[in-house]
2 protein chains.
Amino acid sequence: MPTDRTTVRRRAHRGRYDRATVHAVLDEALVCHLAVADEHGPVVLPTGFVRLGDELVVHGSSANRLLQLAAEGRPVCVAVTLLDGLVLARSAFAHSMNYRSVVAFGRGRVLEGDEKAEALAAFVEKMVPGRTAVARPPTAQELAATLVVALPLDEASAKVRTGPPTDKEEDLALDVWAGVIPLEVVRGRPVSAEAGA
Amino acid sequence: MPTDRTTVRRRAHRGRYDRATVHAVLDEALVCHLAVADEHGPVVLPTGFVRLGDELVVHGSSANRLLQLAAEGRPVCVAVTLLDGLVLARSAFAHSMNYRSVVAFGRGRVLEGDEKAEALAAFVEKMVPGRTAVARPPTAQELAATLVVALPLDEASAKVRTGPPTDKEEDLALDVWAGVIPLEVVRGRPVSAEAGA
């Protein structure tokens with residue numbers, strides 16, 4: 001159920017509240033933008049993440065101040081955005097973008113022990129499936145140097161725009177090309193690290 | 001000059017404070033993540049933007065609550081992130097991503113009149129150069145329905161990771177493929193809107 005904060009108000013018809021849509025966006029995206037407020041105001045930083053069940057899990061150095069604030073249980077907001085296309089309309093005003101985004105509100109909890117190790121492994125698996133079977137696993141020291149924070153997704157919503165531009169009726173006859181330029185993130189040819197580097 | 005808040009602390013060697021680097025990231029990216037705090041805590045949302053001089057300009061409906069909060073002059077933080085690659089190390093711990101990001105702190109000012117119209121035109125030009133020469137220009141009513149807020153970039157910094165993984169010395173001999181999988185945003189073949197649609 002959408003809460004007051006997760007109800008999409010602008011372009012309300014683009015709001016999606018089902019878990020399948022929210023999870024699909026989170027499972028495709030590699031980076032989230034995590035916002036926490038400190039004494040000066042909001043701070044937002046990009047960071048990698050993985051979804052596990054109905055939580056969004058971020059991690060970083062134990063000395064990472066933003067993560068420490070999230071670990072303390074302060075209110076956080078996290079946004080995840082996939083950009084799918086540039087929407088060129090006949091009018092400048094109707095130009096837009098196609099996108100799929102998720103915004104979640106909540107308070108973090110720190111993961112420890114097996115949960116922590118499993119979350120870090122899931123993060124590597126998300127980058128390249130099968131990778132944890134070949135990479136050297138983390139040592140106790142490396143685990144201790146890492147802070148892992150899980151954010152609940154019970155107050156999350158998605159917003160999705162797809163399809164062609166929506167020009168006003170009176171603009172449809174204008175002699176202006178209109179349509180969508182699709183955007184896609186592609187993985188290039190892997191570049192090997194030099195031996196010993 | 002970096003301020004206390006813009007000094008990159010984690011992986012400090014990745015910090016960049018020159019305007020050329022900051023501007024290059026902003027001019028390539030299409031979406032920013034804008035954070036403002038309300039009475040419940042921080043809110044962060046994705047939105048398109050354009051850099052004009054030493055300001056980052058966002059816009060949206062005049063009824064957009066996040067923009068209204070930014071327009072009121074509350075402290076805002078904005079992050080812009082370009083993801084350049086997945087960094088696969090020999091150890092799970094050293095896995096990383098190559099990226100270029102910018103974070104800026106400040107308070108917005110509302111653009112009006114010519115400044116407002118020029119910013120909206122620049123936004124469309126950023127999507128597709130030359131587009132404002134063909135698209136129908138905004139009407140007075142459309143301009144009135146749009147809120148345009150400029151954020152200063154004097155308290156902005158960039159953070160950049162490039163290159164191969166940085167495994168520990170003792171991991172270099174491990175028989176594990178290591179390197180970078182480049183990520184790139186590509187524009188696909190344009191899809192024309194149906195005539196009259």
Side-chain angles (χ1 to χ4, degrees), chain A residues 5 10 30-31 33 35-37 40-46 48 61 63-64 75-77 79 81 83 86 88 90-93 95 97 101 103 120 124 127-128 131-132 134-138 142 164-165 171-172 174 176 178-188 190-193 196-197, chain B residues 5 10 30-31 33 35-37 40-46 48 61 63-64 75-77 79 81 83 86 88 90-93 95 97 101 103 120 124 127-128 131-132 134-138 142 164-165 171-172 174 176 178-188 190-193 196-197:
Chain A
R5 285 197 297 180
R10 300 308 313 155
L30 292 161
V31 167
H33 282 80
V36 186
H40 302 294
V43 181
V44 55
L45 292 177
S61 161
N64 179 313
V76 304
C77 181
T81 307
L83 202 52
L86 302 175
L88 307 190
R90 293 153 185 101
S91 67
F93 183 73
H95 278 61
M97 295 189 198
S101 65
V103 174
L120 292 171
V124 171
M127 288 172 66
V128 177
R131 187 72 187 165
T132 51
V134 293
R136 173 179 66 68
E142 288 171 343
D171 290 327
L172 295 180
L174 292 175
V176 179
V180 174
I181 301 175
L183 296 174
E184 193 184 359
V185 177
V186 297
R187 295 187 176 203
V191 179
S192 293
Chain B
R5 284 197 298 180
R10 300 307 315 155
L30 292 161
V31 167
H33 282 80
V36 186
H40 301 295
V43 181
V44 57
L45 292 177
S61 162
N64 179 311
V76 304
C77 181
T81 307
L83 202 52
L86 301 175
L88 308 190
R90 294 153 184 100
S91 67
F93 183 73
H95 278 61
M97 295 187 197
S101 65
V103 175
L120 291 171
V124 172
M127 286 171 68
V128 177
R131 185 75 187 162
T132 51
V134 294
R136 174 178 66 69
E142 289 171 343
D171 289 327
L172 295 180
L174 292 174
V176 179
V180 174
I181 301 175
L183 296 174
E184 193 183 359
V185 177
V186 297
R187 294 187 177 204
V191 179
S192 293

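A note on names: the letters A, B, ... follow the listed sequences, proteins ahead of strands, and every chain is numbered from 1. Please read these numbers as outputs of a predicted model, since none were measured by experiment.
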Relative to chain A, which segment of [X] carries a heavy atom at a distance below 4.5 Å: side chain, backbone, both, or neither?
| X | value |
| --- | --- |
| B/Thr132 | neither |
| B/Asp171 | side chain |
| B/Arg187 | both |

Does any backbone or side-chain atom of [X] lie under 4.5 Å from a heavy atom of chain B? Answer side chain, backbone, both or neither.
| X | answer |
| --- | --- |
| A/Leu83 | side chain |
| A/Val103 | side chain |
| A/Val44 | both |
| A/Val128 | side chain |
| A/Leu183 | both |
| A/Arg10 | side chain |
| A/Leu88 | both |

Looking at [options], which makes the most heavy-atom pairs under 4.5 Å with chain A?
| options | result |
| --- | --- |
| B/Pro182, B/Gly188, B/Ala92, B/Ala37 | B/Pro182 |
| B/Gly48, B/Ser61, B/Pro138 | B/Ser61 |
| B/Pro75, B/Ser91, B/Ser101, B/Gly41 | B/Ser91 |

For the residue pair [X] and [Y], establish whether any side-chain heavy-atom pair is separated by less than 4.5 Å.
| X | Y | result |
| --- | --- | --- |
| B/Arg5 | A/Val43 | no |
| A/Thr81 | A/Met97 | no |
| B/Val76 | B/Val36 | yes |
| B/His33 | B/Leu45 | no |

Spacing of B/Met127 atom CE and A/Leu86 atom CG [to the nearest 0.5 Å]: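 It is 4.5 Å, given to the nearest 0.5 Å.
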
Gap separating the NE2 atom of B/His95 from the CZ atom of B/Arg90, nearest 0.5 angstrom: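 Reported to 0.5 Å precision, the distance equals 11.0 Å.
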
Nearest non-hydrogen partners of A/Ala35 and B/Pro42, listed with the distance: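 Shortest heavy-atom contact: O-CG, 3.5 Å.
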
